[in-house]
Amino acid sequence: MSDFRQFRVTLDDPEADEARTVIVQARTEVQSQDAASKLMRPGERIIAVNEIKGASSPAPDAGLAFPGTQTHPDDRGA
């Protein structure tokens with residue numbers, strides 16, 4: 001799989017009134033969690049990950065560099 005997909009990641013903070021959502025790009029659901037972790041605030045946790053089907057425009061928070069796997073790094077030039 002070489003194309004990036006968009007994911008909506010819902011973050012919860014026990015001290016906040018409501019959960020917040022970030023949108024990231026990744027090749028897999030697991031990598032979307034890695035990407036979202038760079039946007040998380042102290043105390044937040046991931047409570048849901050949903051792929052955005054049919055998304056064609058770049059995600060607002062997707063300009064992130066994030067790790068792939070050891071054998072398949074997630075570089076934008078691939």
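Keep in mind that what you see is a predicted model, and the values were worked out from it rather than measured. Residues: numbered from 1 along the sequence shown.
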Expected list for residues 10-17: side-chain donor-acceptor pairs under 3.5 angstrom, two or more places apart:
residue, atom, partner, partner atom, Å
Asp12, OD2, Arg45, NH2, 3.2
Asp13, OD1, Glu15, N, 3.0

Please name all residues satisfying salt bridge (charged side-chain N to carboxylate O under 4.0 Å, His left out) with Glu29, sequence neighbours left out, ordered by chain then number. none
Drop me the distance from Ile46's CD1 to Asp34's CG, to the nearest 0.5 angstrom. 8.0 Å
Give a yes or no on whether the backbone of Arg27 and the side-chain of Arg5 come within a donor-acceptor separation of less than 3.5 Å. yes
Where do Val9 and Ser32 come nearest, in terms of heavy atoms and distance? CG2-O, 4.2 Å
Heavy-atom closest contact (Val49 atom, Phe7 atom, distance): CG1-CD2, 3.9 Å
Glu44: partners by side chain to side chain donor-acceptor pair (under 3.5 Å), with sequence neighbours left out: Arg20
Please report the interatomic distance CD1(Ile52) to CZ(Arg8), rounded to the nearest 0.5 Å. 4.0 Å
